[in-house]
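For the single chain, residues carry numbers from 1 onward in sequence order.
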Amino acid sequence: MARRTTLGSLRTALLAPVLAFGATLGLAAAPAEAAVWNTCDQWGNTTLGGYTLYNNIWGSGAGAQCTWANSGTNWGVWANHPNTGGIKSYPNAKKVVNRRISAFTTLTSNYDVTVPAVGAYNSSYDIWDTDYDYEIMLWVNANGAVGALGDHQGDVTLGGHSWGVYKGKVPHADGTSHDVFSFLRTSDSTAGTVNILPILKWIKDTKKWMGDETIGDVQFGFEITSSSGGLDFRANNLTVSAG
């Protein structure tokens, strides 16, 4: 499987210099939607109903991309990225939870997405601690030449799904790095519920890969490597609930 380089919206802004954006990027019009918000800007973002939406085009060699939203939980992306290697973007919706792992009683998410049958991408959660030392990715589906960073640690059934687990490090421009734990669902899914808390507790208590970290962001989005010709990605319903 292909190795990932880096991903997510806030890591680009907080952990590394902004990647140069192609001056020749042409912004195509978004598909017609009865949307309350839309943007084709590289870093376009808004907050709706407690969720922050990001267009988040950050990778080298990216093409055009537009994000629209009917609400914080119902939104979509049109992207036309060339058929080349490397992640081009991670359009996503973010819910801030700001709680130590031990302080959660529940942390769950429902997802319902429509994704294309072609292209190279994954549909994934990207979960961060508040210091951005640890990143937990949960891939619910993937297509094309994409794969997780790091070494395979085996398979595990947690949170209502079976996952292949990978452990690696993402390097930063200043010579530091952060840990990334990737959980790749063993069969693709476009709708379901993920019980996130048992996954965090397994990383903390069973594997002891991190301590009782404060979880800041729970993001869900589409990590797109290629979508030549223009493809649609839709989050028909995406909710995150913490208790």
- [ ] May I ask you to test the Asn70-Val36 pair for a side-chain heavy-atom distance under 4.5 Å?
- [x] no
Task: Thr105: side chain to side chain donor-acceptor pair (under 3.5 Å) partners, not counting sequence neighbours - done: none
Open item on the list: Using every non-hydrogen atom in the two residues, find where Ser177 and His172 come nearest and quote the distance to one decimal.
Closed with: C-CE1, 3.6 Å
- [ ] Using the side chain to side chain donor-acceptor pair (under 3.5 Å) rule, take Ser71 and Thr73 through it: C-alpha gap first, then chi angles, then the decisive distance, then the call.
- [x] CA-CA 5 Å; Ser71 68; Thr73 61; 3.3 Å; yes
Open item on the list: If the condition is side chain to side chain donor-acceptor pair (under 3.5 Å), which residues does Thr108 pass it with, not counting sequence neighbours?
Closed with: none
TODO: Report the distance from atom NE2 of His161 to atom CG of Leu184, rounding to the nearest 0.5 Å.
DONE: 13.5 Å
Open item on the list: Treating Tyr54 as the side-chain partner and Lys94 as the backbone partner, does any N or O pair qualify as donor plus acceptor under 3.5 Å?
Closed with: no
Open item on the list: So, using salt bridge (Lys or Arg N to Asp or Glu O under 4.0 Å) as the criterion, who are the partners of Asp179 when residues are at least two apart?
Closed with: Lys169
- [ ] Provide the closest heavy-atom pair for Gly221 versus Trp75 in the form atom of the first, atom of the second, distance.
- [x] CA-CH2, 4.1 Å
TODO: Quick one: list whatever passes side chain to side chain contact (heavy atoms under 4.5 Å, CB included) with Arg99, sequence neighbours left out.
DONE: Ala103, Phe104
- [ ] To the nearest 0.5 Å, tell me how far Lys95 NZ sits from Leu107 CG.
- [x] 11.0 Å
Task: Counterpart residues, side chain to side chain contact (heavy atoms under 4.5 Å, CB included), relative to Asp133 (two or more places apart) - done: Asp129, Asp131
TODO: Could you tell me whether the side chain of Trp68 reaches within less than 4.5 Å of the side chain of Arg234, counting heavy atoms only?
DONE: yes
Task: Results of ring pair (Phe, Tyr, Trp, His ring centres under 6.0 Å) for Tyr134 - residues two or more places apart only - done: none
TODO: Could you list all the ring-ring contact (aromatic ring centres under 6.0 Å, His included) pairs where at least one residue sits in residues 223-243, not counting sequence neighbours?
DONE: Tyr121-Phe233, Phe222-Phe233
Open item on the list: Let me confirm one number: the CE-CG distance from Met137 to Asn122, rounded to the nearest 0.5 Å.
Closed with: 5.5 Å
Open item on the list: Is any side-chain heavy atom of Asp126 closer than 4.5 Å to one of Leu138?
Closed with: no
Task: Intermediate values then yes/no, side-chain contact (heavy atoms from CB on, under 4.5 Å), Cys40 and Trp78 - done: CA-CA 9 Å; Cys40 299; Trp78 176 87; over 6 Å; no
TODO: Grab the two heavy atoms, one from Val170 and one from Val180, that are nearest each other, plus how far apart they are.
DONE: CG2-CG1, 3.9 Å
TODO: Nearest 0.5 Å please: distance from the CG atom of Asp212 over to the CZ atom of Arg100.
DONE: 5.5 Å
TODO: Using a 4.5 Å cut-off on heavy atoms from C-beta on, say whether the side chain of Arg185 contacts that of Asn141.
DONE: no
Open item on the list: List the residues meeting side chain to side chain donor-acceptor pair (under 3.5 Å) with Asp155, not counting sequence neighbours, and say none if there are none.
Closed with: His152
Open item on the list: Using every non-hydrogen atom in the two residues, find where Ser124 and Trp139 come nearest and quote the distance to one decimal.
Closed with: CB-CD1, 3.8 Å
Open item on the list: Using 0.5 Å steps for rounding, measure from the CG atom of Asp232 to the SG atom of Cys66.
Closed with: 10.5 Å
- [ ] Test His178 against Trp128 for side-chain contact (heavy atoms from CB on, under 4.5 Å), laying out the working first.
- [x] CA-CA 11 Å; His178 74 264; Trp128 291 89; 3.4 Å; yes
Open item on the list: How close do Asn237 and Thr239 get, counting heavy atoms only, and between which atoms?
Closed with: OD1-CG2, 3.9 Å
Open item on the list: Once side chain to side chain donor-acceptor pair (under 3.5 Å) is applied, what residue pairs with a partner in residues 196-211 remain, sequence neighbours excluded?
Closed with: none
TODO: Decide side-chain contact (heavy atoms from CB on, under 4.5 Å) for Ile101 and Ile215; before the verdict, give the C-alpha distance in whole Å, the side-chain angles of both, and the deciding distance to 0.1 Å.
DONE: CA-CA 7 Å; Ile101 296 171; Ile215 301 301; 3.9 Å; yes
Open item on the list: Run Thr39 and Thr67 through side chain to side chain donor-acceptor pair (under 3.5 Å) and show every step you take.
Closed with: CA-CA 6 Å; Thr39 184; Thr67 296; over 6 Å; no
Open item on the list: I want to check something: taking the side chain as every heavy atom from C-beta on, are Ser226 and Thr84 in contact at a cut-off of under 4.5 Å?
Closed with: no
Task: Set of residues satisfying side chain to side chain contact (heavy atoms under 4.5 Å, CB included) with respect to Thr225, sequence neighbours excluded - done: Ile87, Lys88, Ala120, Val146
Task: Heavy-atom check, side chain of Asn56 versus side chain of Ser89, under 4.5 Å - done: no
Open item on the list: side chain to side chain donor-acceptor pair (under 3.5 Å), that's the test. Do Gln65 and Asn80 meet it? Break it down for me.
Closed with: CA-CA 6 Å; Gln65 177 178 294; Asn80 184 8; over 6 Å; no
Task: Where Pro91 and Val77 come nearest, the two heavy atoms and their spacing - done: CB-CG2, 3.5 Å
Open item on the list: Contact between Trp58 and Trp43 at the side-chain level, heavy atoms closer than 4.5 Å - yes or no?
Closed with: yes
- [ ] Verify the distance criterion only: is there a donor paired with an acceptor across the side chains of Asn55 and Tyr90 at less than 3.5 Å?
- [x] no
Open item on the list: Checking Asn98 now: which residues fulfil side chain to side chain contact (heavy atoms under 4.5 Å, CB included) with it, not counting sequence neighbours?
Closed with: Val96, Thr130
- [ ] Measure from NZ or CZ of Lys167 to the centre of the six-membered ring of Phe181, then state whether that distance is under 6.0 Å and the direction lies within 45° of the axis.
- [x] no
TODO: Verify side-chain contact (heavy atoms from CB on, under 4.5 Å) between Gln219 and Tyr125, making sure each step is shown before the conclusion.
DONE: CA-CA 5 Å; Gln219 304 170 17; Tyr125 293 88; over 6 Å; no
Open item on the list: If you define the side chain from C-beta out and look only at heavy atoms, does anything of Leu53 sit under 4.5 Å from Leu48?
Closed with: yes
Under 3.5 Å, which donor-acceptor pairs link side chains of residues 188-197 to any protein atom two or more places apart or in another chain?
{"from": "Asp188", "atom 1": "OD1", "to": "Ala142", "atom 2": "N", "distance (Å)": "3.3"}
{"from": "Ser189", "atom 1": "OG", "to": "Tyr111", "atom 2": "OH", "distance (Å)": "2.7"}
{"from": "Ser189", "atom 1": "OG", "to": "Ala191", "atom 2": "N", "distance (Å)": "3.4"}
{"from": "Ser189", "atom 1": "OG", "to": "Ala191", "atom 2": "O", "distance (Å)": "3.0"}
{"from": "Thr193", "atom 1": "OG1", "to": "Asn110", "atom 2": "OD1", "distance (Å)": "2.6"}

